[in-house]
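The basis for the numbers below is simple: all heavy atoms, side chains too, and nothing from hydrogens, waters or symmetry mates.
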Amino acid sequence: MNAYAPILVLGALGAGFAIFSVVMATLIGPKRYNRAKLDAYECGIEPTPMPAGGGRFPIKYYLTAMLFIVFDIEVVFLYPWAVTFDALGIFGLVEMLLFVLTVFVAYAYVWRRGGLEWD
């Protein structure tokens, strides 16, 4: 438990500072509410009404999100592999080649679906 005490103290200090800042901002901060301040803000243009059910997202949104996740996961697996490359030997090399091939299949899918074209 002694090893975790500094981490717990730092977490408590961070949480305390965050709570203190929010409470003090609401108590001391200016309270000038008006209609324009309470409206939704969309980059300086008038907000558009949303249809019932939230509307539909274009497929490019999902393809971009999928591409981000694929490459994010690739980095998460490549870094530990690169650190222990010598210890893994040929087995680690073959496994990583299979992993990179799998990632390339996902990349090719996104490329064919038009996820890399920014219109």
Side-chain angles (χ1 to χ4, degrees):
M1 186 63 181
N2 289 338
Y4 295 109
I7 296 172
L8 293 174
V9 169
L10 185 62
L13 283 173
F17 178 73
I19 292 169
F20 175 76
S21 298
V22 170
V23 169
M24 292 309 291
T26 55
L27 293 176
I28 297 174
K31 295 167 182 60
R32 294 184 295 259
Y33 298 111
N34 57 28
R35 184 172 178 253
K37 190 180 267 190
L38 296 176
D39 277 347
Y41 181 72
E42 293 183 7
C43 301
I45 57 176
E46 290 296 320
T48 56
M50 291 293 289
R56 298 180 65 174
F57 286 100
I59 189 69
K60 288 197 181 275
Y61 172 79
Y62 296 107
L63 288 175
T64 304
M66 184 176 73
L67 187 66
F68 174 77
I69 289 172
V70 163
F71 286 109
D72 194 35
I73 290 172
E74 181 183 16
V75 169
V76 166
F77 284 119
L78 278 176
Y79 184 74
W81 173 77
V83 170
T84 61
F85 178 72
D86 291 337
L88 294 175
I90 194 73
F91 173 75
L93 180 64
V94 171
E95 290 297 320
M96 192 48 65
L97 286 176
L98 290 173
F99 174 71
V100 170
L101 180 68
T102 306
V103 170
F104 181 72
V105 168
Y107 175 71
Y109 173 76
V110 171
W111 189 359
R112 295 271 296 159
R113 295 288 296 190
L116 301 177
E117 297 173 9
W118 299 99
D119 296 331

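- To the nearest 0.5 Å, the span separating OG1 on T102 from CG on L98 amounts to 6.5 Å.
- For the residue pair V76 and P80, the shortest heavy atom distance occurs at O-CD, 3.0 Å.
- Neither F17 nor L10 shares a network with the other; the hydrophobic side chains, linked directly or stepwise wherever heavy atoms of I, L, V, M, F, W or Y lie under 4.5 Å apart, form separate groups for each.
- Side-chain contact between F99 and V103: present, with at least one pair of heavy atoms (C-beta onward) separated by less than 4.5 Å.
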Set out, in order, the CA-CA distance, both residues' side-chain angles and the distance that settles side-chain contact (heavy atoms from CB on, under 4.5 Å) for L88 and W81, then state yes or no. CA-CA 8 Å; L88 294 175; W81 173 77; 3.5 Å; yes
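- One finds the CZ atom of R112 at 13.5 Å from the OH atom of Y107 (value rounded to the nearest 0.5 Å).
- If you chain together hydrophobic residues whose side chains sit under 4.5 Å apart, L78 and F68 fall into the same group.
- Note: the hydrophobic cluster containing V75 does not contain L101 (ILVMFWY, side chain heavy atoms under 4.5 Å, direct or indirect links).
- No single ILVMFWY cluster, assembled from side-chain heavy atoms under 4.5 Å apart, contains both Y79 and F71.
- Follow the hydrophobic side-chain contacts under 4.5 Å out from F77 and you reach I90 in the same cluster.
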